Each structure stands twice: as C-alpha cells, then as structure tokens.
J.: 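First the structure, which I've put down as structure tokens, then a few questions once you've had a look.
The chains referred to below are lettered A, B, ... by the order of the sequence lines, with proteins before strands, and numbering in each begins at 1. Everything numeric here is computed off the predicted structure, so don't read it as measured data.
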Amino acid sequence: MKKKGQEEMIGFALIIVLVAVILLIFLGFYLRGGQKESVESYEVNSFIQAFLQYTTDCKDHLEFLSIQKTIFSCDSNEECSDGRNPCDVLKSTLSDILEKSWKVEANITPIKGYELIILVDEEKERVSIKEGEKTNNYKGSFQDFSRSGKDYEIYFNVYY
Amino acid sequence: MVMKKGQLKIQQMAFMLMAVTLFFVLVAMIVLVLRFSGLKESATLIEEENALLLVAKLANSPEFSCGGSFGTTRINCVDADKVIMLKERIDKYSRFWGVGSIEIRKIFPDGGDVLCDKINYDKCGVIEVFSKDVNLLPPASNFIILCKKEISGGDIYDKCELARFLVSSEDKR
C-alpha cells in the first residue's frame, strides 16, 4: 500500500516534468519562429529616396533631369530637349524602375503588388502606377516636398 | 488502521504538492506570456534597425559615399568611380569594415550578372567590392543611388542609377 502511494507520487512528478519539457519545447519553437519579413519598411522608404535621385533621359537646356526634377518639369508643362513630354518620361521610367525593383511574380517572389501615387497640392494626381493585387499585408512610405509654393506628395505601398 | 492513516497523509501531501506545483506552473506561464508577448516584435525591429544601420553606415562612409561630387550632399548615394578604384585596392581594406562581403547590384538599368571592373563598369551589373572565403550570413540590403560622371556630346554630366547595396556578415557559429 505504501509502495502504491510512492509510485503515484513518482508518476505525478514525471507528469509535471513532462509538461514542463513540452512547455519549454513549445516556447523554444515560438521564439525561434521569427523569420525575416519579405519586405522591410526601411527598404520601401529608401526606395523612394533612391528613385527620386535617378537620372532620366529627359534633358532640359542644362542637364539630364533626376526623377524629382522631372516631377517639377511635368507639373510646369515643360518639354524635354528632344520634344518629349516629361510626364510621359516620368511615367515610363517609374514603371520600368518599379518593374525591376519589385518583381510581382506569383510563386517566385513574395510580393503580390505595389502602388505608387504622386500628388500635387493634395489633389492633382500626376502619376498613379498600380501592379498586382492589394492585400492586407503591406509596407508603405510617404515623402513630401515643396517647390514654388506647391506641395508634392509621393505615396508608395508594397503588398505581400 | 495506523497504516491507513499514514497512507492518507501521503495522499494529502501528494495532492498538496500537486496543487502547489500547478499553481506555480500557472503563475510561471502567465509571467512568460506577458514577458515574451512583445519579444518577437522587438527582435524583428532590432534586426531591421541593425541591418539598416550597417548598410547605411557603409554606404555613407567616406570610401563609398558621393560626398559633394554630384552637386548637393546626397544620402545613400555611392560614388561608382570611387568604388571601382577601391575594388582595385581592396586587399588593404578587406578587414577594415568587419564584414564578410560587400556587393553592389544595379537594378535599373539592369546590367545582369556581369561583374564590373575598371574597363566595363558602365555596362555591367554587379560590383563585387570584396568577398571573404568564409561562411556568410544572408545579406542585409538596401536601395542606394549609384552615381558616376559620364560624357554626352562633349559635356560631362552626373548619371545616377538605382542599385542595391548588399552586406553579409561572417557566420561565426
């Protein structure tokens, strides 16, 4: 009878140890499960800063314009030295940059889509480029600047 | 009778032990859940911040950055002319940054996988600054602007392209 009591106590202790081990394993898996995100927010932000400085093939009377200067040129209805419309250059260059930087390919990249909008004075939509689908998971960034009293806003979201 | 009383006491003690242990396990679980609830988020944030800082630190270091060579001072701007010359003398610098490899990959215009050197660096895709012959961790990367001086119609102008700056640390495990 005494032996039975001891056996029960040992059994109980074993159960406690087993539960503790299971808890530890679970905790270990939980903490190790942290994976790198497919899109980092700093990448989206740096992307805007970088593409604004990209040199396009639209030239004014002085130099080849950066994307940022092409936005101003487009908004002022100017022309490139070869007669092209800066707004067309802006849209086609940005589309190409986005296509190369954020590849939307099902089953190959985790990116499902993206959206880039350039607004002037909060209402005039100068550029709007959308690709792929919008999902609930996304990283986005925003950049604004002003010139000659006008406000320019760039919104960029990447969906994954 | 004496035997039965003893058994009852042992049983009581066992139940008491069980209750006390369960109580402590529950308290420990609650404490752990509260303690670790934000751990993953903070770990991700710190990892993200470290990667960004490392890439930003290198891209904006005097050996890589554009400085004032392209008009105003630019952030995350790498001088391609400087990097190509640095690559030529990399044996003096390979231990300078304390990382396993540094690579710059052009995104737009896309130069493919063609490795850049002093002769072809306007028509290539990858500037492999250096790579140690060790196990490397997956690279941290960020978008940069890669600028150089070009000639068009006899005029020198600044040409800036979109690229990724990739830095891998040594895997010391």
J.: Side chain from CB out, backbone as N, CA, C, O: work out which of these in A:Glu63 comes under 4.5 Å of a heavy atom of chain B, or both, or neither.
T.: neither
J.: Report the distance from atom NZ of A:Lys100 to atom CG of B:Asp110, rounding to the nearest 0.5 Å.
T.: 4.5 Å
J.: Out of curiosity, A:Asn45 CG to B:Asn142 CG, how far, rounded to the nearest 0.5 Å?
T.: 9.0 Å
J.: At their closest point, which heavy atom of A:Gln53 faces which heavy atom of B:Cys77, and how far apart are they?
T.: OE1-CB, 4.4 Å
J.: Answer yes or no: are there more than 12 heavy-atom neighbours, outside A:Glu99 itself, under 6.0 Å from its atom CD?
T.: no
J.: State the CG-CD1 distance between B:Leu162 and A:Ile67, to the nearest 0.5 angstrom.
T.: 9.5 Å
J.: Is it the side chain or the backbone of B:Leu22 that comes within 4.5 Å of chain A heavy atoms, both, or neither?
T.: neither
J.: If hydrophobic clusters are built by linking Ile, Leu, Val, Met, Phe, Trp and Tyr wherever their side-chain heavy atoms come under 4.5 Å apart, do B:Phe24 and B:Met29 end up in the same one?
T.: no
J.: Starting at OG of A:Ser66, measure out to CD1 of B:Ile145 and round the result to the nearest 0.5 Å.
T.: 9.0 Å
J.: What about B:Tyr121 and B:Val114, same hydrophobic cluster or not, with Ile/Leu/Val/Met/Phe/Trp/Tyr joined at side-chain heavy-atom distances under 4.5 Å?
T.: no
J.: Near B:Lys57 NZ, under 6.0 Å, is it more than 12 heavy atoms from other residues, nucleotides or ligands?
T.: no
J.: For the ring pair B:Phe143 and A:Trp102, is the centre-to-centre distance below 6.0 Å?
T.: yes
J.: For atom NZ of B:Lys132, decide whether the heavy atoms of other residues, nucleotides or ligands shown that lie under 6.0 angstrom number more than 12.
T.: yes
J.: Check the hydrophobic clustering (I, L, V, M, F, W, Y; side-chain heavy atoms under 4.5 Å; chains of links allowed) and say if B:Val83 and B:Met85 are grouped together.
T.: no
J.: Could you tell me the separation between the CG atom of B:Asn76 and the CZ atom of A:Phe47, rounded to the nearest 0.5 Å?
T.: 13.5 Å
J.: Identify which part of B:Pro138 has an atom lying under 4.5 Å from any heavy atom of chain A, answering side chain, backbone, both or neither.
T.: neither
J.: Could you tell me if the side chain of A:Ser101 sits less than 4.5 Å from the side chain of B:Arg164, heavy atoms only?
T.: no
J.: Linking I/L/V/M/F/W/Y whenever their side-chain heavy atoms sit closer than 4.5 Å, directly or via other members, would A:Tyr155 and A:Phe51 fall into one cluster?
T.: no
J.: If two hydrophobic side chains count as joined below 4.5 Å and joins carry through other members, does A:Ile118 share a cluster with A:Ile129?
T.: yes
J.: Nearest 0.5 Å, please: how far is CZ in B:Phe70 from OG1 in A:Thr55?
T.: 9.5 Å
J.: Given heavy-atom pairs under 4.5 angstrom as the criterion, report whether the side chain, backbone, both or neither of A:Tyr54 touches chain B.
T.: both
J.: Name the region of B:Ile144, side chain, backbone, both or neither, that has any atom closer than 4.5 Å to a heavy atom of chain A.
T.: backbone
J.: Crowded around B:Lys87 NZ? As in, over 12 foreign heavy atoms under 6.0 Å?
T.: yes
